[in-house]
Asks: 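Please find one structure pasted underneath; my questions will follow.
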Amino acid sequence: FTAKVLECCPMGHCRSPRSMKRSFQAQMASGQTWFTFTSEVGDEAGIALAAALKETHSVHSFELLCGMNMGDACGTVLASALKDHATLRSFKMMCSYQMGDATGVALAAALKHNMTLQSFEVWCKNPMGDTTGVALADALRHNTTLQAFKLDCNFTLMGDATNVGLATALQMNVRLQSFQLISDSVGAAGIAALASSLQ
């Protein structure tokens, strides 16, 4: 993979969303799949990246690492791009500091709908809670193509409603080969449910 750190305002002149989108499309067409944003870059750049992803059908793998200024406006549009993407096989998003349940639910809807994705990984932080976790569990229960699922969600509001939902999904999803849950909020009920799902 190659990494690209976006400078939103080179020499003090901000790019327009259209020019950013064209730039991202050109980078994707050249084979770039990993995008890293500096902390000051906000939703505008993320939305342009999502638009480029949605319209670039040669992309098979996508990874995004962004700073703390991208929120639900970016997250929901990225989810929309994932939902209908016909060639994407791997999706990894590591930028949920300001993204809440609106993004989480949108990602779950995308995962439930997308029939080509094989690997899904999301890092989530403080704003996300059981609304996201339960929605992702429901999506995992219905998805028939995913082989690897990773949810890295320390310091969130997710609790055992999420963990029990994920355990139920594991029992019903026969396609999944790899499941990783990183969480500091797994209670007794969650532990019991997850352990039972692996038997």
Side-chain angles (χ1 to χ4, degrees), residues 1-3 28 31-36 50 53-54 56-66 75 78-96 99 101 103-125 128-156 158-199:
F1 297 112
T2 55
M28 290 177 186
Q32 182 171 315
T33 60
W34 180 7
F35 295 86
T36 301
L53 176 63
K54 190 169 187 175
T56 307
H57 302 294
S58 59
V59 178
H60 299 289
S61 176
F62 177 84
E63 296 189 25
L64 174 62
L65 172 64
C66 59
L78 274 171
S80 177
L82 171 63
K83 184 177 181 179
D84 297 310
H85 209 287
T87 62
L88 204 61
R89 299 292 182 268
S90 175
F91 179 87
K92 183 176 182 179
M93 188 174 77
M94 303 167 286
C95 52
S96 301
M99 295 180 185
D101 284 327
T103 294
V105 170
L107 285 170
L111 188 60
K112 195 172 184 178
H113 180 81
N114 186 292
M115 291 293 106
T116 61
L117 200 67
Q118 297 177 359
S119 176
F120 177 86
E121 179 176 346
V122 168
W123 295 13
C124 44
K125 301 299 178 184
M128 290 187 178
D130 280 327
T131 299
T132 290
V134 170
L136 285 171
D138 183 61
L140 188 60
R141 186 163 60 92
H142 288 90
N143 185 283
T144 59
T145 60
L146 205 64
Q147 297 179 16
F149 177 91
K150 181 176 180 179
L151 193 61
D152 189 340
C153 289
N154 283 322
F155 310 112
T156 67
M158 292 183 187
D160 275 340
T162 293
N163 302 321
V164 171
L166 288 170
T168 301
L170 284 176
Q171 290 176 326
M172 300 183 68
N173 190 314
V174 297
R175 177 77 172 179
L176 201 67
Q177 297 179 17
S178 174
F179 174 84
Q180 295 183 64
L181 173 64
I182 300 174
S183 173
D184 58 358
S185 58
V186 182
I191 292 172
L194 288 166
S196 176
S197 72
L198 298 175
Q199 293 178 356

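Along the sequence shown, residues are numbered consecutively beginning with 1. What you see below is based on every heavy atom in this structure, not just the backbone, and it leaves out hydrogens, waters and symmetry mates. Owing to the predicted nature of the structure, the values given are computational and were not obtained by experimental measurement.
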Asks: Quick one: ring-ring contact (aromatic ring centres under 6.0 Å, His included) partners of F149, sequence neighbours excluded?
Replies: F120, F179
Asks: As an exercise, state the distance from CG of L166 to CG of N173, rounded to the nearest 0.5 Å.
Replies: 11.0 Å
Asks: Under the rule for side chain to side chain donor-acceptor pair (under 3.5 Å), what residues qualify as partners of H60, not counting sequence neighbours?
Replies: none
Asks: Which heavy-atom pair separates D101 from G129 by the least distance, and what is that distance?
Replies: OD1-N, 3.0 Å
Asks: Measure the CD-CD distance between Q118 and Q147 for me, rounded to the nearest 0.5 Å.
Replies: 4.5 Å
Asks: Check side chain to side chain contact (heavy atoms under 4.5 Å, CB included) between A81 and all other residues, then give those that pass, not counting sequence neighbours.
Replies: L53, K54
Asks: Looking at G133 and T162, what are the two nearest heavy atoms and their distance?
Replies: CA-OG1, 3.3 Å
Asks: If I take atom CZ from residue F62 and atom CE from residue M93, how far apart are they, to the nearest 0.5 angstrom?
Replies: 9.0 Å
Asks: So which atom in A139 and which in A108 form the shortest heavy-atom distance, rounded to 0.1 Å?
Replies: CB-O, 3.2 Å
Asks: Sequence neighbours left out, what passes side chain to side chain contact (heavy atoms under 4.5 Å, CB included) with N114? Give chain and number order.
Replies: L82, H85, T116, L117
Asks: If you look at every heavy atom in C124 and L151, which pair is closest and at what distance?
Replies: SG-CD1, 4.1 Å
Asks: What heavy-atom pair brings A137 and A169 nearest, and what distance separates the two atoms?
Replies: O-CB, 3.3 Å
Asks: Taking only residues two or more places apart in sequence or in another chain, which ones pass side chain to side chain contact (heavy atoms under 4.5 Å, CB included) with Q180?
Replies: K150, S178
Asks: How long is the straight-line distance from OG1 of T168 back to CG of N163, given to the nearest 0.5 Å?
Replies: 11.0 Å
Asks: What residues form a side chain to side chain donor-acceptor pair (under 3.5 Å) with S119, not counting sequence neighbours?
Replies: none
Asks: Let me confirm one number: the OG1-CE distance from T131 to M158, rounded to the nearest 0.5 Å.
Replies: 9.5 Å
Asks: Supply the atom-to-atom distance R175 CZ to T144 OG1, rounded to the nearest 0.5 angstrom.
Replies: 8.0 Å
Asks: Using the salt bridge (charged side-chain N to carboxylate O under 4.0 Å, His left out) criterion, which residues pair with D138? Sequence neighbours excluded.
Replies: K112, R141
Asks: Quick one: side chain to side chain donor-acceptor pair (under 3.5 Å) partners of D84, sequence neighbours excluded?
Replies: H113
Asks: Just to verify, what does E121 make a side chain to side chain donor-acceptor pair (under 3.5 Å) with, not counting sequence neighbours?
Replies: W123
Asks: Ignoring hydrogens and geometry, is there a side-chain-to-backbone donor-acceptor pair from T36 to L65 under 3.5 Å?
Replies: no
Asks: Checking S58 now: which residues fulfil side chain to side chain contact (heavy atoms under 4.5 Å, CB included) with it, not counting sequence neighbours?
Replies: T56
Asks: Are any of the side-chain heavy atoms of T132 and L107 separated by less than 4.5 Å?
Replies: no
